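This report refers to the structure that appears directly beneath it.
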Amino acid sequence: MNKDVAVEVRNAVKAFGQGDSTLRALDNVSVDIRKGEFFTLLGPSGCGKTTLLRLIAGFETPTSGEILLDGKDITQDPPNRRPVNTVFQSYALFPHLTVAQNIGFGLEMQGRPTAEVAAVTAKMLALVQLGAMAHRKTSQLSGGQQQRVALARALAPQPKVLLLDEPLSALDLKLRKEMQIELKRLQLETGITFIFVTHDQEEALTMSDRIGVMSAGKIQQIGTPRDIYTKPVNRFVASFIGETNFLSGTIDAGGVRLASGDVVEAGGIEGHAGKVTIAVRPEQVRLTRAGEPGALPATIASWVYFGTDTHCHLTLSDGTEVVARLQSQASGDTELEKGKAVALRFAPGAVQVLGD
């Protein structure tokens, strides 16, 4: 048993239906989630991330495989026997109770002494910064405030693991960004292991210590936000996290030879041969003057101004399209003209050879 691991999922399979209509929502998934970390399950709808969360919570039982918490097998334990709490997309607050009563409800159901319930509730109110609203009905609160109440209620019993199933999806963009910071603060202050489910890549990159990217019932890659973004293991991860340029080429001495005939240096070449796909992020594409030695000849096809940056769409000599994300200049983008001949370089270490 690894004492640093909070949750272990071992070879979990979850199948729904029978015979030809069987759906494998999880396909032999294994993952270790460390104590005190903010771990995010990220992927598109239907990838299996919520199913995995429900297995950990006890709302579903795996078809095969095991779920362990602190080294103890909890696979068959019902939800009420697991030291785990869940915050759902719909906060499921009691509208007839006050904020304080909502937070203390779970403690009262556990039969905790009245003094303890009051003390813990006061502590949670301070933690989520809602002390001044303790006696308000939850129906009188904004969406963000209701979300904080739901978090406080889930944290009050001091679970070993807090599961969060897309809890920010119902909030508007500005409030969602504020709550991303708030969630990370709460996780750091409590030290509780957070397992967060989202399809929003920005949420995952902003808050997580590590991310598990899922697709088709499998975990495609686990790593820090930086590793997931800069060193994706396959095309799915590269395309799902941020914007990416994909170029086809062939392994050549010293790098990858593109269809245009140019050779570029690339990481992750080991183990690859023949035709490959490489990925490079738009912000790692540098524009330079036409004819510069070693640079790739290109033509400006179009450009779009986004305020902080400008996306310049380029065409290589063989017709391949590449997008460069350029920091906008105070003087404007006067040098960007449709049809203008330019050249481009990729930042050192930016090009990665992808797996299947």
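These figures come from a predicted structure and were not determined experimentally.
- Cluster membership check: I219 does not share its hydrophobic cluster with F194, using side-chain heavy-atom separations under 4.5 Å among Ile, Leu, Val, Met, Phe, Trp and Tyr.
- Contact annotation: the side chain of W303 never approaches that of L326 to less than 4.5 Å [non-hydrogen atoms, C-beta and beyond].
- Ionic pairing of K35 and D70 is present here: one or more N-O contacts between side-chain nitrogen and carboxylate oxygen are shorter than 4.0 angstrom.
- The only member of L162, L163, V161, I56 that meets side chain to side chain contact (heavy atoms under 4.5 Å, CB included) when paired with T86 is L163.
- From L168, atom CG reaches atom CE of M207 across 5.5 Å, with rounding to the nearest 0.5 Å.
- No donor-acceptor pair closer than 3.5 Å links the side chain of K340 to the backbone N or O of I300.
- Taking each heavy atom of A134 and L125 in turn, the nearest pair found is CB-CD1, 3.6 Å.
- Of the possible donor and acceptor atoms, none in the side chain of R148 sits under 3.5 Å from a partner among the backbone N and O of L130.
- The number of heavy atoms from other shown groups lying within 6.0 Å of NZ (K160) does not exceed 12.
- Within a 6.0 Å sphere centred on CD of Q18, heavy atoms belonging to other residues, nucleotides or ligands number 12 at most.
- Using a 4.5 Å cut-off on side-chain heavy atoms (C-beta onward), V29 and L55 make no contact.
- Going from atom CZ of R176 over to atom CG of D200 covers 5.5 Å, rounded to the nearest 0.5 Å.
- Under a 4.0 Å N-O distance rule, the pair D4/R34 does not qualify as a salt bridge.
- Between R10 and E8 there is a salt bridge, since a side-chain N of the basic residue sits under 4.0 Å from a carboxylate O of the acidic one.
- Here CG of N80 is found 13.5 Å from CE of M109. Values are rounded to the nearest 0.5 Å.
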Dump the intermediate steps for side chain to side chain contact (heavy atoms under 4.5 Å, CB included) on V342 and L344, then the final yes or no. CA-CA 7 Å; V342 292; L344 60 87; over 6 Å; no
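- Scanning all heavy atoms of the two residues, the minimum distance from S139 to P95 falls at OG-O, 4.4 Å.
- With a 4.5 Å cut-off on side-chain heavy atoms, M133 and Q140 do not count as touching.
- Here the options are T121, V149, L93, the test is side chain to side chain contact (heavy atoms under 4.5 Å, CB included), and the partner is V99; only V149 passes.
- Of the possible polar contacts, one joining the K14 side chain to the T61 backbone as a donor-acceptor pair under 3.5 Å is found.
- For T40 (side chain) and S208 (main-chain N/O), no donor-acceptor pair under 3.5 Å exists by modelled atom type.
- For CD of E265, the number of neighbouring non-hydrogen atoms (other residues, nucleotides, ligands) closer than 6.0 Å is 12 at most.
- I251 is listed as a side-chain neighbour of V256, based on a closest heavy-atom distance under 4.5 Å.
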Would L205 and I211 count as a side chain to side chain contact (heavy atoms under 4.5 Å, CB included) here? Give the steps. CA-CA 8 Å; L205 294 172; I211 299 169; 4.1 Å; yes
Step-by-step side chain to side chain contact (heavy atoms under 4.5 Å, CB included) determination, V128 to L186: CA-CA 8 Å; V128 298; L186 289 172; 4.2 Å; yes
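- Scanning both residues, T277 and R235, for their nearest heavy atoms gives CG2-NH1, 3.8 Å.
- Within the 4.5 Å cutoff, the side chain of V13 has heavy atoms near those of the R24 side chain.
- F236 and F240 have parallel rings, their planes meeting at less than 30° on a 0 to 90° scale where 60° marks the start of perpendicular.
- Residue F39 is not grouped with residue F196 when hydrophobic side chains (ILVMFWY) are merged at heavy-atom distances under 4.5 angstrom, including chains of intermediate members.
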Using the side chain to side chain contact (heavy atoms under 4.5 Å, CB included) rule, take S260 and T320 through it: C-alpha gap first, then chi angles, then the decisive distance, then the call. CA-CA 8 Å; S260 63; T320 300; over 6 Å; no
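- Within the 3.5 Å criterion, the main-chain N or O of D209 finds no donor-acceptor partner in the side chain of E37.
- Counting heavy atoms from C-beta outward, Q101 and H96 have side chains that stay 4.5 Å or more apart.
- In this structure, I67 CD1 and Q76 CD are separated by 10.0 Å, a value rounded to the nearest 0.5 Å.
- Nearest heavy-atom pair, L175 versus G143, reported as atom, atom and distance to 0.1 Å: CD2-C, 4.3 Å.
- Between the side chain of E66 and the main chain of A12, no donor-acceptor pair closer than 3.5 Å is present.
- Nearest heavy-atom pair across A324 and L314 is CB-CD1, 4.1 Å.
- At a threshold of 4.5 Å between non-hydrogen side-chain atoms, the residues L107 and Q110 count as touching.
- Atoms CZ and CD1, from R281 and I241 in turn, are 7.5 Å apart once rounded to the nearest 0.5 Å.
- Looking at P282 and H311, their side chains never come closer than 4.5 Å, going by heavy atoms from C-beta outward.
- At least one cation-pi condition fails for R153 and F105: the charged atom is not both under 6.0 angstrom from the six-membered ring centre and inside a 45 degree cone around its axis.
- The main-chain N or O of V237 is found under 3.5 Å from a side-chain atom of N234 such that the two form a donor-acceptor pair.
- Just one of M214, H199, Q220, K218 meets the side chain to side chain contact (heavy atoms under 4.5 Å, CB included) condition when paired with C47; it is M214.
- To the nearest 0.5 angstrom, D227 atom CG is 7.5 Å from Q221 atom CD.
- Under a 3.5 Å cut-off, the side chain of R185 and the backbone N or O of L127 do form a donor-acceptor pair.
- Residues T63 and A15 approach most closely at OG1-N, 2.9 Å, considering heavy atoms.
- Note: the hydrophobic cluster containing I228 does not contain V197 (ILVMFWY, side chain heavy atoms under 4.5 Å, direct or indirect links).
- Clustering ILVMFWY residues whenever any of their side-chain heavy atoms sit less than 4.5 angstrom apart, transitively, puts L183 in a cluster other than the one holding I195.
- V263 and L316 are assigned to two separate hydrophobic clusters, defined by single-linkage of ILVMFWY side chains at heavy-atom distances under 4.5 Å.
- With Q201 contributing its side chain and G242 its backbone, the two residues share a donor-acceptor pair below 3.5 Å.
- Under a cut-off of 6.0 angstrom, the local environment of CD in E116 is crowded, with over 12 non-hydrogen atoms contributed by other residues, nucleotides or ligands.
- The main-chain N or O of L141 is never found under 3.5 Å from a side-chain atom of R136 such that the two would form a donor-acceptor pair.
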